[in-house]
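Structure record follows, encoded as structure tokens.
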Amino acid sequence: MTEFIVRFLICNMAICLIIAILLLGRTVCKCVLTKRAQYHLWFLFLGLLLIPFLPVPLFGFCPSFSWIRYLQSTFSLCGFMQTGFLASGSDTGTAISPDTSALTTKESTDWINDFALSVHREMPAPLFLILCGIWLLGILAMLLLTAKSWLRLNVIRNSALPVQHEKTRKLYAKCLAEMKIQKNIPVFSTAFLKSPVIVGWRKPQIYLPIHLISDYDEAQLRYMLYHELQHYKHQDALINHFINLAAVFYWFNPLVWYALKKMREDRELACDSSVLTLLKENEYKEYGNTLIHFAEKLSLPSFPFATGISGTMKQMEQRISNICSYRKPSFRKKLASAASFLVIFALSSSLAPALSTYAANGDHYNWNTASQHVTTLDLSSYFDGYEGSFVLYTAETGRWDIYDLEQATYRSSPDSTYKIYDALFGLDARIITPAATQIKWNGERYPFEQWNADQTLTSAMQASVNWYFQSIDRQLGTARIDNYLKKIKYGNENTAGGLSSYWIESSLTISPVEQVELLTKLFQNGFDFAPEHMNTVKDSILLSSCEHGNIYGKTGTGRVDEKDMNGWFVGAVEASGKTCFFATNIRAAHDAAGSRAREITMSVLSDLGIWDHPFL
């Protein structure tokens, strides 16, 4: 919940910018936009307010708004601090616990080892917990106020009576006919209102104050009925529900409240303009006089879900001014209004990707399965006790075999599987070369004996030597790493966790489907890197080469507070004239190590008849 609060607060920055764009566009194009178009601009605003709460990302994250992602990661890391053992020796403030329980002596020489270091994750910062509590309390208070208004409305409903006044009934029927409304909309009279209102969008009802009926004035009552029925025709009661919902969840944002206030004002101006289209020019003045005549009697409705002719005195002045200057829009005016509307709409909607909580957070990969040949597998028995997925892609047929599609698109830390691409970046930047991949050990003692020596790319990959790859990262620098991640489209492309640990249970995340897509491009040289660099990386993760074929792989383990919580095994099989790429991810509160992900993978590959040969 605290992670959501962090992202939600950041989304509010983009929301404020959207409000500014809408208000500016509305002001600049005020003379061009029709009143109805000005009101409709706010529909985009309402829609964008809902985006942070949607369970799936609707938009890809636009690179222009990478600052949103950076802020999210920065705040998240402040709220959920992670510290860990750094191979550079610059920070040793965390307990170190090696994980070698799954390795035998033979595996230590023949297999890529699953060495992992523990990181420490602190409790969420108290500030975010407090903010979360305040936000929820505010929502509760708003809901109580809404419930109170709803109860008051029910009192009015229960006390209201169907209008019996014959002239009023005939006038109402005439208004319905003139506006070509066939739906039966009941009209009631009540002593508890000062101005007419229409309530409900599925079963609309109009409530008229008794004094309007007793002081019967046909022209004035006709204008008021026109006004309420225009609200019905444009479904303003339904829009009201979204306005109220926005006010509840964004109660803390004064700019949102201001925007909602302007939206209500524009709604009344648009409604007035719609009424004027039904009237003759000599009736405009009478309609304005009706507002003036009832200005002292009219008041804002006490019910947030009701729409009516009422408003404050300032709003009444604005509406009367609009009536005085009203001219039925020509075709040219309508065309110019539509063009201006589209420009403002495009500018505002360009910020939509920054509002999606899931897009900003990158929890899931937005994978288009419609264009893929996907077959689901039932591997639940292999994953007993684990949350996770198995993904297999056969290059020659384009077929995907997937266990748990939702988990297959879930992004988690890549941990040591990222070293495959870190090596590729180091080769491309000439930090290491295919002929000289050795990096000297700095003499610092590490918990794994294999780490306490000079390393080549192959030995560093086999023993999963963190300091080797962290050395490459330091020489690359954050800017170049960011560029490389964008070039190959690696997961959420987020390095905010810091050079030494962004890929170790920190900011960088990736899904099993993306792991397989990247491996496919790696083996097919789809990244446009030098072929010798691609081959050097492939050779470093080669597990076995025999008459049956080749198998490549890399494990990864995420250890948090001494517990294995995130296990990976990714790789490829070249056998029987086919190349299959695979990725397995498992997650649990404990015992979810890369070695266990490897065991699951090998069992599945064997049972599917893809690879069941011993390793040499």
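Computed from heavy atoms alone, side chains included, the values below leave out hydrogens, waters and symmetry copies.
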Check: Ignoring hydrogens and geometry, is there a side-chain-to-backbone donor-acceptor pair from H211 to K194 under 3.5 Å?
Finding: yes
Notebook entry, point to check: Mind checking whether H234 and R267 have side chains closer than 4.5 Å, heavy atoms only?
Noted result: no
Check: Angle class for the Y207/F188 ring planes (parallel below 30°, perpendicular above 60°, tilted otherwise)?
Finding: parallel
Note to self: Check whether W42 reaches the backbone of L260 with its side chain - one donor and one acceptor, N or O, closer than 3.5 Å.
What the structure shows: no
Notebook entry, point to check: W367 vs Y365 aromatic rings, parallel, tilted or perpendicular, using cut-offs 30° and 60°?
Noted result: parallel
Check: Is a side-chain donor or acceptor of T509 paired with a backbone partner of N492 at a separation under 3.5 angstrom?
Finding: no
Notebook entry, point to check: Under a 4.5 Å cut-off applied to non-hydrogen side-chain atoms, are L143 and V248 in contact?
Noted result: yes
Check: Are H227 and E268 close enough that a side-chain donor and a side-chain acceptor fall under 3.5 Å?
Finding: yes
Next item on the list: To the nearest 0.5 Å, tell me how far K203 NZ sits from N184 CG.
Entry: 12.0 Å
Next item on the list: Look at the aromatic rings of Y326 and Y284 and report parallel, tilted or perpendicular, splitting at 30° and 60°.
Entry: perpendicular
Check: Taking atom types as modelled and ignoring hydrogens, do the side chains of Y418 and Y502 form a donor-acceptor contact shorter than 3.5 angstrom?
Finding: yes
Check: Would the number of heavy atoms belonging to other residues, nucleotides or ligands and lying under 6.0 Å from NZ of K148 be above 12?
Finding: no
Margin query: Please determine whether the number of non-hydrogen atoms from other residues, nucleotides or ligands lying under 6.0 Å from atom NZ of K328 exceeds 12.
Written below: yes
Margin query: Any non-hydrogen side-chain atom of M224 less than 4.5 Å from a side-chain atom of L212?
Written below: yes
Next item on the list: I would like to know whether K262 and R26 meet side chain to side chain contact (heavy atoms under 4.5 Å, CB included); could you show each step before the answer?
Entry: CA-CA 11 Å; K262 299 301 292 184; R26 179 177 170 275; 3.9 Å; yes
Check: Does any N or O in the side chain of T369 come within less than 3.5 Å of the main-chain N or O of Q372, such that one atom is a donor and the other an acceptor?
Finding: no
Check: Side chains of I185 and E228: closer than 4.5 Å at any heavy-atom pair?
Finding: no
Notebook entry, point to check: Is R319 salt-bridged to D272, cutoff N-O under 4.0 Å?
Noted result: yes
Check: Does the ring center of Y216 lie less than 6.0 Å from the ring center of H165?
Finding: yes
Checklist line | Identified side chain to side chain contact (heavy atoms under 4.5 Å, CB included) partner of L33 from the options V28, D266, I344 | finding: I344
Next item on the list: Say whether, by atom type as modelled, one donor and one acceptor occur between the side chain of S511 and the main chain of E514 under 3.5 angstrom.
Entry: yes
Next item on the list: Go through the side-chain N and O atoms of R36 and S273 and say whether any donor and acceptor fall under 3.5 Å apart.
Entry: no
Margin query: Contact between D473 and F425 at the side-chain level, heavy atoms closer than 4.5 Å - yes or no?
Written below: no
Next item on the list: Would you indicate whether the side-chain heavy atoms of Y490 and P414 approach each other to under 4.5 Å?
Entry: yes
Margin query: Counting only heavy atoms from other residues, nucleotides and ligands, does the tally under 6.0 Å from CZ of R480 exceed 12?
Written below: yes
Next item on the list: Dump the intermediate steps for side chain to side chain contact (heavy atoms under 4.5 Å, CB included) on F45 and I19, then the final yes or no.
Entry: CA-CA 7 Å; F45 165 69; I19 294 172; 3.5 Å; yes
Margin query: Tell me if the CZ atom of F43 is crowded by more than 12 foreign heavy atoms within 6.0 Å.
Written below: yes
Next item on the list: Inspect the surroundings of NZ in K261 and state if more than 12 heavy atoms from other residues, nucleotides or ligands are less than 6.0 Å away.
Entry: yes
Notebook entry, point to check: Just wondering, do W503 and I510 contact through their side chains at under 4.5 Å, heavy atoms?
Noted result: no
